[in-house]
Structures are given as C-alpha cells and as structure tokens.
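Report on the structure given below.
Nothing here was measured: the structure is a model prediction, and the numbers come from that model. This chain uses plain numbering: 1 for the first residue, then up along the sequence.
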Amino acid sequence: MSFSSLAASLPVDGRQSPTALKIARGTTRLLHSFGFSVVSELALASGRRADLVALGADGEIWIVEIKSSVADLRADQKWMDYRLHCDRLFFATTLDVPCEIFPPDTGLIVADAYGASIHCEAPEHRLHASTRKGMLLAFARAAALRLSALADPEGSYAEI
C-alpha cells in the first residue's frame with residue numbers, strides 16, 4: 001500500500017466540521033512543507049486533545065488549535081492549557097474569521113483545503129525536558145498505532 005493510499009484511508013472521527021477538516025488539511029500541508037511530521041487529534045497528558053501536533057526534525061513541537069468560526073473561538077476556554085505541551089502554539093482558521101479576535105500571544109495560520117500561510121509567528125516557550133519526552137512518546141505511539149490500524153483494520157488496538 002502506498003503512502004498516499006494510506007493517508008487517503010485515514011478515518012474521520014466525526015467531531016470536526018467540514019470547514020475544520022479543510023483547515024486541518026491545508027495546515028498539515030503547510031507544516032509538511034516546513035519539514036514537520038503531523039499527528040491529528042493527539043491526546044495530551046492533561047486529558048485534552050490537540051487538533052494538530054507537529055514535530056520538527058530537531059524535536060521542536062508545535063500545537064495548532066483549529067477554529068472554524070468566531071463562535072468556535074469564543075466557546076473555547078481550554079486553549080491556554082495547550083501551551084504547556086508545546087514550544088509554539090498556533091491557531092488555524094479561514095479567511096472568513098477575523099484575525100484580530102485571536103490572542104496576540106499565539107501564532108496564527110490562515111488556511112483552506114489546499115494550503116495555508118502563517119499570518120503571525122508564535123512566540124517560543126521551550127518545553128521542559130520531561131514534558132518534551134512525554135510528548136515525543138505520545139506522538140510516536142499514536143503514529144505507530146494508527147499505521148498499524150491502517151495495515152490491519154481488524155486488529156486489536158488501544159484507543160488512539
């Protein structure tokens with residue numbers, strides 16, 4: 001099975017709106033162009049679930065929180081918790097959502113289904129070594145379990 005056919009067969013879990021899925025796709029393409037590997041819907045040690053977690057070749061970790069509307073951002077009071085699990089925190093949205101409503105101490109990515117661009121860089125706040133190790137292990141485990149589930153859909157896998 002080729003990489004592209006594996007990627008095309010990834011299951012959608014049903015929690016994301018069609019707009020959020022398009023933002024995720026475009027943002028993932030941008031992150032790949034920067035050399036990052038990306039895992040979506042990654043469970044964090046805090047019990048939260050990050051929309052996109054990007055891992056750089058140097059071990060840098062970015063979290064991208066997707067907001068598909070003004071109401072989506074206003075309803076979210078948990079985004080500050082994500083900062084504890086990454087070196088840089090970004091929001092990703094569409095051109096239809098006004099950029100000025102996003103917190104100024106986070107980065108901002110504007111995306112559609114085909115690509116994205118960084119509108120505002122995220123400030124760096126380096127992770128503690130033990131937190132970085134935990135995030136790296138969570139990222140690797142999720143990626144490996146998801147690949148195994150694609151290769152053997154009838155296998156027995158833990159919640160990923």
**Request:** State whether D105 and R83 are salt-bridged, where the test is any N-O pair (Lys NZ or Arg NE/NH1/NH2 against Asp/Glu carboxylate O) under 4.0 Å.
**Result:** yes
**Message:** Any salt bridge linking D76 with K67? Criterion: basic side-chain nitrogen under 4.0 Å from a carboxylate oxygen.
**Reply:**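 Yes, charged N to carboxylate O under 4.0 Å.
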Could you state the interatomic distance from [atom1] ([X]) to [atom2] ([Y]), rounded to the nearest 0.5 Å?
X	Y	atom1	atom2	answer
L137	R132	CG	CZ	12.5 Å
F36	T28	CZ	OG1	12.5 Å
K133	H128	NZ	NE2	12.5 Å
S69	D96	OG	CG	10.5 Å

Between [X] (side chain only) and [Y] (backbone N and O only), is there a donor and an acceptor less than 3.5 Å apart?
X	Y	answer
T27	A24	no
D72	S68	yes
R49	L42	no
D112	G115	yes

Test item: [X] and [Y] side chains (from C-beta on) under 4.5 Å apart, heavy atoms:
X	Y	answer
I109	L30	yes
T19	T94	yes
R126	E124	yes
P123	R88	no
I66	L52	yes
I101	V70	yes
R29	Y114	yes

Spell out, yes or no, whether [X] and [Y] are grouped together once hydrophobic residues are joined by side-chain heavy atoms under 4.5 Å, including indirect joins.
X	Y	value
L84	L127	no
I23	L73	no
L55	I118	no

Distance-minimising heavy-atom pair for [X] and [Y]:
X	Y	value
V64	D51	O-CB, 3.3 Å
R146	S40	NH1-O, 2.6 Å
I63	C86	CG1-CB, 3.6 Å
A116	G26	CB-O, 3.6 Å
V53	A50	CG2-CB, 3.6 Å
G59	D87	O-OD2, 4.2 Å

**Asked** Between F34 and W62, what is the ring plane arrangement, given parallel below 30°, perpendicular above 60°, and tilted in between?
**Response**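 Ring orientation of F34 relative to W62: perpendicular.
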**Request:** Look at the rings of F91 and W79 and say which category their plane angle falls in: under 30° parallel, 30 to 60° tilted, over 60° perpendicular.
**Result:**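 Geometry flag for W79 against F91: perpendicular rings.
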**Request:** Please report the C-alpha distance between F102 and T93 in whole Å, then the side-chain angles of each, then the deciding distance to 0.1 Å, and finally whether the side-chain contact (heavy atoms from CB on, under 4.5 Å) criterion is met.
**Result:** CA-CA 10 Å; F102 290 92; T93 192; 3.7 Å; yes
**Message:** Run the side-chain contact (heavy atoms from CB on, under 4.5 Å) test on Y82 and L44 for me, step by step, so that the C-alpha distance in whole Å, both residues' side-chain angles and the decisive distance to 0.1 Å come before the verdict.
**Reply:** CA-CA 9 Å; Y82 296 129; L44 304 175; 3.4 Å; yes
